[in-house]
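Sequence lines set the chain letters: A, B, ... in the order given, protein chains first and strands last, and positions in each chain run from 1. Since the model is a prediction, treat every value here as computed from it, not as a measurement.
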There are 2 protein chains.
Amino acid sequence: MDERTLEKALARAEALCAERGVRLTPQRRRVLELVCRAGHPIGAYDILSQIREGAAAAPPTVYRALDFLLEQGLVHKLETLHAYIGCTHPEHPHSSQFLICADCGDVTELEDESIVGSLRTAAAETGFKPSRPIVEVIGTCANCALKPPRK
Amino acid sequence: MDERTLEKALARAEALCAERGVRLTPQRRRVLELVCRAGHPIGAYDILSQIREGAAAAPPTVYRALDFLLEQGLVHKLETLHAYIGCTHPEHPHSSQFLICADCGDVTELEDESIVGSLRTAAAETGFKPSRPIVEVIGTCANCALKPPRK
DNA sequence: TTGCGGGACGTTATAAAGTTACTTTTGATT
DNA sequence: AATCAAAAGTAACTTTATAACGTCCCGCAA
Ligand SMILES: [Zn+2]
Ligand SMILES: [Zn+2]
Ligand SMILES: [Zn+2]
Ligand SMILES: [Zn+2]
(Lines give C-alpha, C1' and ligand atoms only; values in the text may rest on other atoms or scores of the structure.)
(Ligands and ions follow the chains in the order given, each with its own letter.)
Protein backbone atom coordinates (compact mmCIF):
# COMPACT_ATOMS: atom_id res chain seq x y z
CA MET A 1 0.00 0.00 0.00
CA ASP A 2 1.47 3.34 -1.00
CA GLU A 3 1.93 6.26 1.38
CA ARG A 4 -1.02 8.14 -0.03
CA THR A 5 -3.47 5.25 0.32
CA LEU A 6 -2.11 4.48 3.75
CA GLU A 7 -2.81 7.99 5.01
CA LYS A 8 -6.36 7.74 3.79
CA ALA A 9 -6.89 4.31 5.31
CA LEU A 10 -5.65 5.52 8.68
CA ALA A 11 -7.76 8.66 8.54
CA ARG A 12 -10.78 6.58 7.66
CA ALA A 13 -10.06 4.25 10.58
CA GLU A 14 -9.79 7.22 12.93
CA ALA A 15 -13.10 8.54 11.72
CA LEU A 16 -14.83 5.16 12.00
CA CYS A 17 -13.59 4.57 15.53
CA ALA A 18 -14.60 8.05 16.63
CA GLU A 19 -18.04 7.49 15.16
CA ARG A 20 -18.36 4.19 16.99
CA GLY A 21 -17.08 5.55 20.28
CA VAL A 22 -14.13 3.16 20.43
CA ARG A 23 -10.52 4.10 20.92
CA LEU A 24 -7.98 3.75 18.14
CA THR A 25 -5.08 4.10 20.52
CA PRO A 26 -1.53 4.75 19.28
CA GLN A 27 -0.68 1.06 19.64
CA ARG A 28 -3.69 -0.04 17.69
CA ARG A 29 -3.07 2.60 15.11
CA ARG A 30 0.52 1.53 14.83
CA VAL A 31 -0.45 -2.10 14.27
CA LEU A 32 -3.03 -1.09 11.69
CA GLU A 33 -0.40 0.99 9.96
CA LEU A 34 2.02 -1.92 9.84
CA VAL A 35 -0.63 -4.27 8.50
CA CYS A 36 -1.67 -1.80 5.81
CA ARG A 37 1.85 -0.79 4.91
CA ALA A 38 2.82 -4.42 4.32
CA GLY A 39 0.41 -4.58 1.42
CA HIS A 40 0.20 -8.33 1.76
CA PRO A 41 -0.74 -10.69 4.55
CA ILE A 42 1.55 -10.26 7.52
CA GLY A 43 2.00 -12.50 10.54
CA ALA A 44 1.54 -11.40 14.14
CA TYR A 45 5.18 -12.03 14.89
CA ASP A 46 6.28 -10.02 11.87
CA ILE A 47 4.28 -7.13 13.21
CA LEU A 48 5.81 -7.72 16.60
CA SER A 49 9.35 -7.61 15.32
CA GLN A 50 8.67 -4.34 13.52
CA ILE A 51 7.20 -2.84 16.66
CA ARG A 52 10.26 -3.99 18.55
CA GLU A 53 12.46 -1.86 16.35
CA GLY A 54 11.09 1.11 18.26
CA ALA A 55 10.25 -0.28 21.69
CA ALA A 56 10.03 -3.34 23.88
CA ALA A 57 6.96 -5.44 23.16
CA ALA A 58 5.59 -8.92 23.70
CA PRO A 59 3.05 -11.05 21.84
CA PRO A 60 -0.02 -9.92 23.80
CA THR A 61 0.61 -6.37 22.66
CA VAL A 62 0.14 -7.37 19.06
CA TYR A 63 -2.64 -9.88 19.60
CA ARG A 64 -4.66 -7.41 21.64
CA ALA A 65 -4.36 -4.78 18.97
CA LEU A 66 -5.28 -7.31 16.30
CA ASP A 67 -8.31 -8.46 18.30
CA PHE A 68 -9.52 -4.89 18.42
CA LEU A 69 -8.90 -4.28 14.73
CA LEU A 70 -10.63 -7.53 13.82
CA GLU A 71 -13.65 -6.64 15.94
CA GLN A 72 -13.86 -3.29 14.24
CA GLY A 73 -13.51 -4.90 10.84
CA LEU A 74 -10.40 -2.88 10.04
CA VAL A 75 -8.34 -5.96 9.35
CA HIS A 76 -9.12 -9.54 8.42
CA LYS A 77 -7.40 -12.72 9.41
CA LEU A 78 -6.47 -15.21 6.73
CA GLU A 79 -6.89 -18.51 8.51
CA THR A 80 -4.99 -20.53 5.98
CA LEU A 81 -1.94 -18.26 6.22
CA HIS A 82 -2.01 -17.37 9.92
CA ALA A 83 -1.71 -13.81 8.73
CA TYR A 84 -3.55 -10.52 8.74
CA ILE A 85 -4.48 -8.05 6.05
CA GLY A 86 -6.08 -4.61 6.00
CA CYS A 87 -9.71 -4.48 4.97
CA THR A 88 -10.31 -2.69 1.71
CA HIS A 89 -13.74 -1.38 2.69
CA PRO A 90 -14.17 -1.26 6.45
CA GLU A 91 -17.11 1.16 6.43
CA HIS A 92 -19.74 -1.50 6.88
CA PRO A 93 -19.48 -4.92 8.49
CA HIS A 94 -19.24 -7.62 5.86
CA SER A 95 -18.32 -11.18 5.16
CA SER A 96 -15.77 -11.31 2.43
CA GLN A 97 -13.94 -13.86 0.37
CA PHE A 98 -10.26 -14.01 -0.36
CA LEU A 99 -8.38 -15.07 -3.45
CA ILE A 100 -4.88 -16.00 -2.35
CA CYS A 101 -2.16 -16.40 -4.95
CA ALA A 102 0.12 -19.24 -3.93
CA ASP A 103 2.78 -17.95 -6.28
CA CYS A 104 3.19 -14.24 -5.52
CA GLY A 105 1.30 -14.09 -2.23
CA ASP A 106 -1.09 -11.40 -3.39
CA VAL A 107 -4.56 -11.45 -1.89
CA THR A 108 -7.75 -10.05 -3.37
CA GLU A 109 -10.69 -9.35 -1.10
CA LEU A 110 -14.05 -9.98 -2.71
CA GLU A 111 -17.52 -9.27 -1.50
CA ASP A 112 -19.47 -11.45 -3.84
CA GLU A 113 -23.18 -11.67 -3.27
CA SER A 114 -23.64 -14.84 -5.26
CA ILE A 115 -21.11 -16.69 -3.13
CA VAL A 116 -22.72 -15.42 0.04
CA GLY A 117 -26.12 -16.35 -1.35
CA SER A 118 -25.17 -19.89 -2.25
CA LEU A 119 -23.59 -20.37 1.15
CA ARG A 120 -26.70 -19.13 2.87
CA THR A 121 -28.91 -21.37 0.79
CA ALA A 122 -26.83 -24.46 1.37
CA ALA A 123 -26.69 -23.79 5.10
CA ALA A 124 -30.42 -23.13 5.30
CA GLU A 125 -31.15 -26.51 3.73
CA THR A 126 -29.63 -28.21 6.74
CA GLY A 127 -31.06 -25.76 9.26
CA PHE A 128 -27.61 -24.36 9.97
CA LYS A 129 -27.34 -20.71 11.06
CA PRO A 130 -24.09 -19.23 9.76
CA SER A 131 -22.35 -16.62 11.85
CA ARG A 132 -18.88 -16.45 10.36
CA PRO A 133 -18.37 -17.80 6.85
CA ILE A 134 -14.71 -18.32 5.98
CA VAL A 135 -13.90 -18.42 2.27
CA GLU A 136 -10.26 -18.51 1.22
CA VAL A 137 -9.43 -19.69 -2.25
CA ILE A 138 -5.85 -20.72 -2.84
CA GLY A 139 -4.75 -20.56 -6.47
CA THR A 140 -2.88 -18.53 -9.04
CA CYS A 141 -3.61 -14.90 -9.81
CA ALA A 142 -3.98 -13.54 -13.33
CA ASN A 143 -0.49 -12.05 -13.31
CA CYS A 144 1.24 -15.20 -12.19
CA ALA A 145 -0.72 -17.37 -14.60
CA LEU A 146 0.96 -15.52 -17.46
CA LYS A 147 4.56 -15.82 -16.43
CA PRO A 148 6.58 -18.85 -15.28
CA PRO A 149 6.27 -19.54 -11.56
CA ARG A 150 8.51 -17.50 -9.31
CA LYS A 151 11.60 -19.62 -8.59
CA MET B 1 -18.54 -42.87 14.11
CA ASP B 2 -19.86 -46.25 15.20
CA GLU B 3 -17.89 -49.48 14.96
CA ARG B 4 -19.82 -50.70 11.93
CA THR B 5 -19.27 -47.54 9.91
CA LEU B 6 -15.65 -47.42 10.99
CA GLU B 7 -14.98 -50.92 9.66
CA LYS B 8 -16.46 -49.95 6.34
CA ALA B 9 -14.53 -46.70 6.14
CA LEU B 10 -11.26 -48.52 6.81
CA ALA B 11 -12.03 -51.24 4.31
CA ARG B 12 -12.87 -48.60 1.74
CA ALA B 13 -9.61 -46.80 2.46
CA GLU B 14 -7.67 -50.06 2.03
CA ALA B 15 -9.36 -50.67 -1.30
CA LEU B 16 -8.76 -47.13 -2.52
CA CYS B 17 -5.09 -47.19 -1.63
CA ALA B 18 -4.58 -50.59 -3.24
CA GLU B 19 -6.26 -49.32 -6.39
CA ARG B 20 -4.02 -46.27 -6.41
CA GLY B 21 -0.85 -48.18 -5.74
CA VAL B 22 -0.08 -46.32 -2.51
CA ARG B 23 0.59 -47.87 0.85
CA LEU B 24 -1.87 -47.59 3.70
CA THR B 25 0.70 -48.69 6.27
CA PRO B 26 -0.31 -49.72 9.78
CA GLN B 27 0.66 -46.28 11.11
CA ARG B 28 -1.41 -44.49 8.54
CA ARG B 29 -4.28 -46.86 9.06
CA ARG B 30 -4.07 -46.31 12.79
CA VAL B 31 -4.21 -42.53 12.39
CA LEU B 32 -7.13 -42.81 10.00
CA GLU B 33 -8.89 -45.03 12.49
CA LEU B 34 -8.38 -42.54 15.31
CA VAL B 35 -9.63 -39.66 13.18
CA CYS B 36 -12.71 -41.56 12.10
CA ARG B 37 -13.41 -42.99 15.53
CA ALA B 38 -13.39 -39.51 17.05
CA GLY B 39 -16.47 -38.60 15.03
CA HIS B 40 -15.63 -34.94 15.32
CA PRO B 41 -12.62 -32.83 14.40
CA ILE B 42 -9.54 -33.99 16.26
CA GLY B 43 -6.20 -32.24 16.70
CA ALA B 44 -2.86 -33.73 15.67
CA TYR B 45 -1.68 -33.75 19.26
CA ASP B 46 -4.85 -35.50 20.41
CA ILE B 47 -4.11 -38.20 17.88
CA LEU B 48 -0.55 -38.29 19.10
CA SER B 49 -1.50 -38.77 22.71
CA GLN B 50 -3.80 -41.64 21.77
CA ILE B 51 -1.05 -43.29 19.77
CA ARG B 52 1.25 -42.87 22.72
CA GLU B 53 -1.02 -45.02 24.83
CA GLY B 54 0.35 -47.95 22.85
CA ALA B 55 3.85 -46.89 21.86
CA ALA B 56 6.42 -44.13 21.82
CA ALA B 57 5.74 -41.53 19.15
CA ALA B 58 6.63 -37.98 18.21
CA PRO B 59 4.82 -35.26 16.26
CA PRO B 60 6.31 -36.10 12.84
CA THR B 61 4.78 -39.56 13.08
CA VAL B 62 1.31 -38.08 13.19
CA TYR B 63 1.92 -35.24 10.75
CA ARG B 64 3.41 -37.58 8.19
CA ALA B 65 0.45 -39.89 8.40
CA LEU B 66 -1.93 -36.95 8.16
CA ASP B 67 -0.08 -35.60 5.12
CA PHE B 68 -0.57 -38.91 3.40
CA LEU B 69 -4.23 -39.16 4.35
CA LEU B 70 -4.84 -35.58 3.22
CA GLU B 71 -3.16 -36.26 -0.12
CA GLN B 72 -5.31 -39.31 -0.62
CA GLY B 73 -8.42 -37.36 0.32
CA LEU B 74 -9.18 -39.71 3.20
CA VAL B 75 -9.25 -36.92 5.73
CA HIS B 76 -9.75 -33.17 5.57
CA LYS B 77 -8.14 -30.45 7.59
CA LEU B 78 -10.35 -27.81 9.14
CA GLU B 79 -8.14 -24.75 8.96
CA THR B 80 -10.15 -22.72 11.41
CA LEU B 81 -9.96 -25.43 14.06
CA HIS B 82 -6.47 -26.80 13.42
CA ALA B 83 -8.13 -30.17 13.42
CA TYR B 84 -8.75 -33.11 11.15
CA ILE B 85 -11.84 -35.05 10.21
CA GLY B 86 -12.54 -38.16 8.14
CA CYS B 87 -13.90 -37.58 4.66
CA THR B 88 -17.43 -38.84 4.19
CA HIS B 89 -16.97 -39.70 0.52
CA PRO B 90 -13.31 -40.25 -0.34
CA GLU B 91 -13.94 -42.17 -3.57
CA HIS B 92 -13.37 -39.22 -5.84
CA PRO B 93 -11.27 -36.12 -5.29
CA HIS B 94 -13.48 -33.18 -4.38
CA SER B 95 -13.57 -29.74 -2.90
CA SER B 96 -16.00 -29.65 -0.07
CA GLN B 97 -17.49 -27.15 2.32
CA PHE B 98 -17.83 -27.47 6.05
CA LEU B 99 -20.55 -26.30 8.40
CA ILE B 100 -19.00 -26.06 11.84
CA CYS B 101 -21.25 -25.73 14.86
CA ALA B 102 -19.61 -23.43 17.37
CA ASP B 103 -21.88 -24.78 20.10
CA CYS B 104 -21.64 -28.58 19.90
CA GLY B 105 -18.60 -28.89 17.65
CA ASP B 106 -20.37 -31.00 15.05
CA VAL B 107 -19.19 -30.63 11.48
CA THR B 108 -21.15 -31.32 8.31
CA GLU B 109 -19.30 -31.87 5.07
CA LEU B 110 -21.12 -30.54 2.03
CA GLU B 111 -20.35 -30.87 -1.61
CA ASP B 112 -22.52 -28.13 -2.97
CA GLU B 113 -22.28 -27.44 -6.66
CA SER B 114 -23.80 -23.99 -6.46
CA ILE B 115 -21.19 -22.84 -3.96
CA VAL B 116 -18.41 -24.28 -6.08
CA GLY B 117 -19.95 -22.67 -9.15
CA SER B 118 -20.24 -19.21 -7.64
CA LEU B 119 -16.65 -19.45 -6.40
CA ARG B 120 -15.45 -20.44 -9.83
CA THR B 121 -17.38 -17.64 -11.48
CA ALA B 122 -16.14 -14.99 -9.07
CA ALA B 123 -12.56 -16.17 -9.46
CA ALA B 124 -12.81 -16.30 -13.24
CA GLU B 125 -13.93 -12.67 -13.33
CA THR B 126 -10.57 -11.62 -11.96
CA GLY B 127 -8.58 -14.16 -13.97
CA PHE B 128 -7.78 -16.13 -10.84
CA LYS B 129 -7.23 -19.89 -11.18
CA PRO B 130 -8.43 -21.65 -8.02
CA SER B 131 -6.60 -24.74 -6.89
CA ARG B 132 -7.76 -25.23 -3.33
CA PRO B 133 -10.97 -23.50 -2.25
CA ILE B 134 -11.40 -23.43 1.53
CA VAL B 135 -14.95 -22.96 2.76
CA GLU B 136 -15.63 -23.28 6.47
CA VAL B 137 -18.79 -21.78 7.84
CA ILE B 138 -18.88 -21.22 11.57
CA GLY B 139 -22.37 -21.06 13.05
CA THR B 140 -25.03 -22.99 14.91
CA CYS B 141 -26.38 -26.33 13.78
CA ALA B 142 -30.08 -27.14 13.61
CA ASN B 143 -29.99 -29.13 16.85
CA CYS B 144 -28.26 -26.45 18.85
CA ALA B 145 -30.48 -23.71 17.48
CA LEU B 146 -33.43 -25.40 19.20
CA LYS B 147 -32.03 -25.78 22.67
CA PRO B 148 -30.27 -23.29 24.95
CA PRO B 149 -26.51 -23.05 24.34
CA ARG B 150 -24.40 -25.70 25.98
CA LYS B 151 -23.00 -24.32 29.24
C1' DT C 1 24.43 -62.73 -3.46
C1' DT C 2 25.50 -58.34 -2.73
C1' DG C 3 24.87 -53.80 -2.96
C1' DC C 4 22.24 -49.92 -4.05
C1' DG C 5 18.15 -46.58 -3.67
C1' DG C 6 13.95 -44.91 -2.11
C1' DG C 7 10.09 -44.87 0.99
C1' DA C 8 8.61 -45.13 5.69
C1' DC C 9 9.61 -44.33 10.29
C1' DG C 10 12.35 -42.95 14.72
C1' DT C 11 14.35 -39.22 17.31
C1' DT C 12 15.83 -34.74 18.81
C1' DA C 13 15.46 -30.29 18.54
C1' DT C 14 13.38 -26.08 17.20
C1' DA C 15 10.25 -22.86 14.93
C1' DA C 16 5.89 -20.48 14.68
C1' DA C 17 1.48 -19.08 16.50
C1' DG C 18 -1.24 -17.95 20.27
C1' DT C 19 -2.70 -17.72 25.38
C1' DT C 20 -2.74 -17.13 30.56
C1' DA C 21 -2.12 -14.73 34.51
C1' DC C 22 -0.86 -11.03 36.86
C1' DT C 23 0.76 -6.15 37.39
C1' DT C 24 0.94 -1.34 36.25
C1' DT C 25 -0.52 2.66 33.81
C1' DT C 26 -3.79 5.66 31.95
C1' DG C 27 -7.68 8.25 31.37
C1' DA C 28 -12.47 9.25 31.89
C1' DT C 29 -16.16 10.01 35.56
C1' DT C 30 -17.73 11.31 39.60
C1' DA D 1 -8.95 14.05 44.55
C1' DA D 2 -10.88 9.31 44.51
C1' DT D 3 -12.39 5.70 41.87
C1' DC D 4 -12.88 2.42 38.36
C1' DA D 5 -12.42 0.20 34.03
C1' DA D 6 -10.00 -0.13 29.83
C1' DA D 7 -5.45 -0.54 27.98
C1' DA D 8 -0.82 -1.83 28.11
C1' DG D 9 3.45 -4.14 30.25
C1' DT D 10 5.61 -8.45 31.46
C1' DA D 11 6.89 -13.28 32.09
C1' DA D 12 5.91 -17.69 31.48
C1' DC D 13 3.74 -21.10 28.98
C1' DT D 14 0.77 -23.93 25.60
C1' DT D 15 -0.35 -25.51 21.19
C1' DT D 16 0.65 -26.44 16.48
C1' DA D 17 3.95 -27.58 13.08
C1' DT D 18 8.52 -28.36 10.87
C1' DA D 19 13.62 -29.28 10.20
C1' DA D 20 17.32 -32.19 10.14
C1' DC D 21 19.36 -36.39 10.33
C1' DG D 22 19.70 -41.28 11.13
C1' DT D 23 17.88 -46.12 10.66
C1' DC D 24 15.33 -49.84 8.85
C1' DC D 25 13.31 -52.52 5.27
C1' DC D 26 12.10 -53.98 0.82
C1' DG D 27 12.48 -54.45 -4.23
C1' DC D 28 15.59 -54.73 -7.87
C1' DA D 29 19.76 -54.59 -10.67
C1' DA D 30 24.51 -55.93 -11.17
ZN1 LIG E 1 -13.08 -6.42 4.37
ZN1 LIG F 1 0.25 -14.15 -8.18
ZN1 LIG G 1 -14.53 -35.09 1.70
ZN1 LIG H 1 -24.52 -27.87 17.30
Practice task
Assign a letter to each nucleotide of nucleotides 11-24 of chain C from its 5' end: B, base within under 4.0 Å of a protein heavy atom; S, sugar-phosphate only; -, no contact.
Solution key: BB----BBBB----

Exercise for the section: Treat primed atoms plus P, OP1 and OP2 as sugar-phosphate and everything else as base, then score nucleotides 25-30 of chain C 5' to 3': B for base contact with protein heavy atoms under 4.0 Å, S for sugar-phosphate contact only, - for none. Expected result: --S---

Problem - Carboxylate-amine/guanidinium proximity below 4.0 Å for B:E3 and B:R37 - result: yes

Practice task
Tell me whether the centres of the aromatic rings in A:H76 and A:F98 are closer together than 6.0 Å.
Solution key: yes

Exercise for the section: Compute whether any side-chain donor of one residue and acceptor of the other, for A:S96 and A:E109, lie under 3.5 angstrom apart. Expected result: yes

Practice task
Count the heavy atoms belonging to other residues, nucleotides or ligands that lie under 6.0 Å from NZ of A:K129, then report whether that count exceeds 12.
Solution key: no

Fill in the blank from the handout: To the nearest angstrom, the CG-C1' distance between B:L48 and C:dG10 comes to 13 Å

Exercise for the section: Flag the pair A:L99 / A:C141 as yes when at least one side-chain heavy-atom distance between them is below 4.5 Å, and no otherwise. Expected result: no

Handout entry: Heavy-atom side-chain proximity of A:E91 to A:R12 below 4.5 angstrom
Key = yes

Practice task
Anything under 30° is parallel, anything over 60° is perpendicular, the rest tilted; go ahead and classify B:Y63 against B:Y45.
Solution key: perpendicular

Donor-acceptor contact below 3.5 Å, side chain [X] vs main chain [Y]:
X      : Y     : result
B:E136 : B:E79 : yes
A:T61  : A:A57 : no
B:R20  : B:Q72 : yes

Practice task
Name the first nucleotide and the last nucleotide along DNA chain D (5' to 3') that come under 4.0 Å of a heavy atom in chain A.
Solution key: D:dA7 to D:dA11

